[in-house]
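What follows is a single structure, written as structure tokens, with notes after it.
Remember, it's 1-based here, ligands and their atoms both numbered in the order they're listed.
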Amino acid sequence: MEKRKIIIDCDPGHDDAVAIMMAGSYEGFEILGITVEAGNQTIEKTGHNTLNLVQYLGINCPVALGKGIPLKRKPMNCAEIHGKTGLDGFTFPELTIDFDKRDAVELLFDLLKANKKVTIVPTGPLTNIAKLLLEHPEVKKNISEIVLMGGSMGHGNVTPAAEFNIVCDPEAADIVFNSGIKVKMLGLDVTRKVLVLPEIIEKMQGISNKVSDLFVALMKFFNKTQKKIFGYDGGPLHDPATIVSLINEDVVKFQYMNVVIDVTGGPSYGRTNCDRFNYLHQKPNAWVATDINVEKYWEEIEKGLRRYSK
Ligand code: RIB
Ligand code: CA
């Protein structure tokens with residue numbers, strides 16, 4: 001079976017970490033590279049976390065840093081959820097690997113010149129991807145789809161209107177959603193249904209391999225902060241939904257619709273206006289996740305963690 005070529009663009013981040021665990025476990029993927037965004041923490045910290053994860057998981061691919069500065073608005077981060085390091089809760093072994101000498105956009109450009117039918121999986125703000133499309137539009141033909149965690153048809157999680165990844169750089173999101181590339185948007189409407197409840201953590205603990213141990217340690221921290229900030233009994237495990245939807249297409253349902261990113265700067269700045277009922281009769285431009293099979297999702301997470309027991 002031909003492997004799916006993927007590039008992950010992330011801001012680890014506890015849920016980004018689980019997305020990378022899932023991707024690294026799956027034989028059906030060829031991970032061409034991982035590029036890093038600021039978001040959950042500063043670029044220095046999300047970069048360091050990404051190297052730690054790639055080394056710990058034994059993923060052999062280049063890792064390149066973005067500039068960590070949104071196209072227009074001022075940078076934001078989410079230390080209250082992900083902690084001072086951006087990946088609190090686990091101490092990694094000493095790092096022996098380093099970043100690629102290219103920055104994120106240069107690595108993306110080189111990988112997309114050399115590969116066709118590439119799936120890009122952003123799980124953080126979209127600055128790197130937007131800059132790639134602005135500076136090198138000629139690579140669009142080699143991107144088969146962009147499968148991103150971000151946005152919401154309903155309520156936001158940073159403001160009433162906006163979700164974190166989109167509101168961190170609305171102008172970048174606007175470029176991506178209007179790029180003409182197939183965009184699949186997995187927003188809060190589905191990711192808020194997959195809460196990593198204590199009983200799920202307990203079940204994964206029984207797998208007892210080095211990656212399930214990492215999962216358990218990170219999720220215990222993640223749940224503490226999610227409880228404090230949102231009152232959740234289990235944190236919504238947002239980012240892995242992208243990877244899981246690629247591994248098993250029965251898990252997430254999508255509907256093709258028009259999505260407009262609010263870049264007006266008002267109270268709805270960074271909102272993904274998803275025209276699910278086609279009120280405005282605009283041309284659809286994204287496949288938006290409308291439902292998720294929660295049981296199947298956790299089955300895939302468990303299978304992914306078990307794949308590290310070999
Ligand atoms: O809103 C959730 C998203 O913001 C996730 O990607 C999480 O990691 C943070 O980046
Ligand atoms: Ca993320």
### Task
Return the orientation label for the F92 and Y56 ring planes: parallel under 30°, perpendicular over 60°, tilted otherwise.
perpendicular
### Task
Answer yes or no: are there more than 12 heavy-atom neighbours, outside K117 itself, under 6.0 Å from its atom NZ?
no
## Note on the structure
For M149, the atoms of ligand 1 under 4.0 Å from one of its heavy atoms are 2 (C), 3 (C), 5 (C), 6 (O)
### Task
To the nearest 0.5 angstrom, please state how far the CZ atom of F90 sits from the CZ atom of F221.
14.5 Å
### Query
Is a salt bridge present between D169 and R73, judged by a nitrogen-to-oxygen distance below 4.0 Å?
no
### Query
Would one find an N or O of N157, backbone or side chain, under 3.5 Å from an N or O of ligand 1?
yes
### Query
To which protein heavy atom is atom 9 (C) of ligand 1 closest, and what is the distance rounded to 0.1 Å?
N40 OD1, 3.2 Å
### Message
Below 3.5 Å, N or O to N or O, backbone or side chain included: is there any such pair between D239 and ligand 1?
### Response
yes
### Query
What residue and heavy atom of the protein are closest to atom 1 (O) of ligand 1, and at what distance?
E163 OE2, 2.6 Å
### Message
Checking a contact table here: which protein heavy atom is nearest atom 8 (O) of ligand 1, and how many Å away?
### Response
D15 OD1, 2.7 Å
#### Entry: N142 and K116 side chains, donor-acceptor separation under 3.5 Å
no
### Task
With heavy atoms only and a cut-off of under 4.0 Å, state how D16 meets ligand 1: side chain, backbone, both or neither.
side chain
### Task
Taking only Lys NZ, Arg NE, NH1 and NH2, and the carboxylate oxygens of Asp or Glu, determine whether D110 and K113 approach each other closer than 4.0 Å.
yes
### Query
Can E302 and R307 be counted as an ion pair, charged N to O under 4.0 angstrom?
no
### Message
Set out, in order, the CA-CA distance, both residues' side-chain angles and the distance that settles salt bridge (charged side-chain N to carboxylate O under 4.0 Å, His left out) for E145 and R4, then state yes or no.
### Response
CA-CA 11 Å; E145 54 187 339; R4 179 189 284 264; 2.8 Å; yes
### Message
Taking 3.0 Å as the limit, list every protein N, O or S atom around the Ca ion (ligand 2), by chain and residue number.
### Response
D11 OD1, D16 OD1, D16 OD2, T123 O, D239 OD2
### Query
Can you list the atoms of ligand 1 that are under 4.0 Å from a heavy atom of T123?
6 (O), 10 (O)
#### Entry: Salt bridge E300-K303, side-chain N to carboxylate O under 4.0 Å
yes
### Message
Measuring from atom CG of L95 to atom CD of Q55, what distance do you get when rounded to the nearest 0.5 angstrom?
### Response
5.0 Å
### N209 side chain to S212 side chain, donor-acceptor N/O pair below 3.5 angstrom
yes
### Message
Suppose I only count heavy atoms of H238 and a 4.0 Å limit; which atoms of ligand 1 are within that range?
### Response
2 (C)
## Note on the structure
F164 heavy atoms within 4.0 Å reach ligand 1 at atoms 1 (O), 4 (O), 9 (C), 10 (O)
### Message
What protein heavy atom lies closest to atom 10 (O) of ligand 1? Include the residue and the distance to one decimal.
### Response
N165 OD1, 2.9 Å
